[in-house]
2 protein chains.
Amino acid sequence: MKMKNTASDNLKTREKILSAAVDVFVKHGFNNTTIREICQEAGVNVAAVNYHFGGKDNLYVAVCKHVLGLSGNVELRGFDIDQTAPPEEQLRLFIRSLLFAILDHKKPSHEGRIMAWEMVHPTGSLDTIIKDMIRPRHEQLCAIVGALLGPGADVPLIKSTVFSIVGQCIHYRHGRPVITQLHPKQKYDPDAIEKLAEHITRFSLGGIKALAREIEE
Amino acid sequence: MKMKNTASDNLKTREKILSAAVDVFVKHGFNNTTIREICQEAGVNVAAVNYHFGGKDNLYVAVCKHVLGLSGNVELRGFDIDQTAPPEEQLRLFIRSLLFAILDHKKPSHEGRIMAWEMVHPTGSLDTIIKDMIRPRHEQLCAIVGALLGPGADVPLIKSTVFSIVGQCIHYRHGRPVITQLHPKQKYDPDAIEKLAEHITRFSLGGIKALAREIEE
DNA sequence: ATAAGTTTAAAACAATTGTTTGAATTTTTC
DNA sequence: GAAAAATTCAAACAATTGTTTTAAACTTAT
């Protein structure tokens, strides 16, 4: 018979698949990933995915759960940002965290990369991923932006501003091929990401301040 | 024999295919478009694409050329923006044009939609598309942003700022599924796009002013 | 050690999709 | 109007890919 999945499972190939799947899904997204590529990277037979996970779709949600589990508890949470810092600094930290999560190759935040993919290539499990991965950050950034815009800002304005900030960051991930052609000197090492974060922060703070000023009038 | 392609070609099915292909490519992007879907929409046989265009790839570049040709001459050019207007106004017009090009469903600017797809899903003909569609706008926006930032701004700063602006706009197209969940009230009719453009313009002008201020110091 | 189970692996399956074939049909040309 | 060229169409092909099958190899329990 099949069905076991207790704690004492033979985790070797299951984990090998999971590990390889994280890499490949994160690299190519769900649609452009083949099971055969995952299995080759994992050094296992193609049938293993269906045996251990029951299909590509289920493997993907397993990857998402696994990736979520790695970065702390499964409860909703945003980036790890000092709540006591002034909102300007919190914005800086948020943008920095997001950029490193979606861009850095050395310390890859699979969570952020999956999130970035889902934003552009939603899968069947988009709802879950929004609930667990995207929305927490969204709320977190809304709070920061709300504090910066002041009490006069209504929710639509806050959200539009949040999308403006996130859009800038995401563009560096998904628009990379074009950016590379248009600005060949752009690098993506930690130092360059740091500078990118600084630029987006300054630009966004300026934008927010301008919006806040218009509210007061 | 085959090969004709003179001006007096039988344009009926060829044009039907081209027209349908524009719609479908624009809707789903290159990868998620099947020749069968195009042919069904065009009401022609599947083989017709290969007969008239020689394959999916060639059809796509034909679509790109066609779409470029529709919106003026094939020469490089950006959006139609009054060069004599103050740069603030030019920025507003640029953002407005870009948003309408990639978002509006009523007066669809296929050109802008193809451009938006290529930014996230580059195809084999990315180079051509960048040269003819993306770069002209990029240069145009660089000029506007350069004028706004002042003479102290170096090229990398200008480009980063341009990416910040374009990123905000593109996000509303490709991040739409997520934005819909996070901000269900967001509409995309011309009026809403107008408001979106106004917001992004104000936000960006604020960001640019802040950057310009930092340069002067 | 043997039997029952679990896991692995090669091959086959089925569905999708871009492409080609070859005959039938239409259009053009003389 | 007939021959030639061009076009259309149904069917088949070939490659990719997710999934299933079936038997062999391995593990575990008695």
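As the structure is a prediction and not an experimental result, all values here were calculated from the model. Numbered from 1 within each chain, the chains take letters A, B, ... in sequence-line order.
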What is the distance from [atom1] of [X] to [atom2] of [N], rounded to the nearest Å?
X	N	atom1	atom2	answer
B:Ile38	C:dG18	CD1	P	8 Å
B:Asn31	C:dG18	CG	C1'	13 Å
A:Phe25	D:dG18	CZ	C1'	12 Å
B:Tyr51	D:dA5	OH	P	13 Å
B:Asn50	D:dT8	CG	P	13 Å
A:Phe30	D:dG18	CZ	C1'	10 Å
A:Arg14	D:dT27	CZ	C1'	19 Å
B:Lys12	C:dT27	NZ	P	6 Å

Is there a donor-acceptor pair under 3.5 Å between the side chain of A:Arg113 and the backbone N or O of A:Val26?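 Checking the backbone N and O of A:Val26 against the side chain of A:Arg113, no donor-acceptor pair under 3.5 Å is found.
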Is B:Asp127 salt-bridged to B:Lys131, going by a charged N under 4.0 Å from an acidic O?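 No, B:Asp127 and B:Lys131 are not salt-bridged.
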Decide, yes or no, whether a salt bridge links A:Glu37 with A:Lys27 under the criterion of side-chain N to carboxylate O below 4.0 Å.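 Salt bridge flag = no for A:Lys27 with A:Glu37.
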Output a table of nitrogen or oxygen pairs between the protein and nucleotides 10-17 of chain D separated by less than 3.5 Å.
residue : atom : partner : partner atom : Å
D:dA10  : N7   : B:Asn45 : ND2          : 3.1

Apply the ring pair (Phe, Tyr, Trp, His ring centres under 6.0 Å) test between B:Tyr60 and each candidate in B:Trp117, B:Phe25, B:Phe53; give the one that qualifies.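 When ring pair (Phe, Tyr, Trp, His ring centres under 6.0 Å) is applied between B:Tyr60 and each of B:Trp117, B:Phe25, B:Phe53, only B:Phe25 qualifies.
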Counting only side-chain nitrogens and oxygens, does A:His52 get under 4.0 Å of the OP1 or OP2 atom of C:dT8?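 For A:His52, the contact criterion (side-chain N or O under 4.0 Å from OP1 or OP2 of C:dT8) is met.
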Sequence neighbours left out, what passes side-chain hydrogen bond (donor to acceptor under 3.5 Å, both in side chains) with B:His138? Give chain and number order.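 Listed in chain order: nothing, the list is empty.
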Atom pair CD/CD of B:Glu198 and B:Glu194 - distance to nearest 0.5 Å: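 Answer rounded to 0.5 Å: 8.0 Å.
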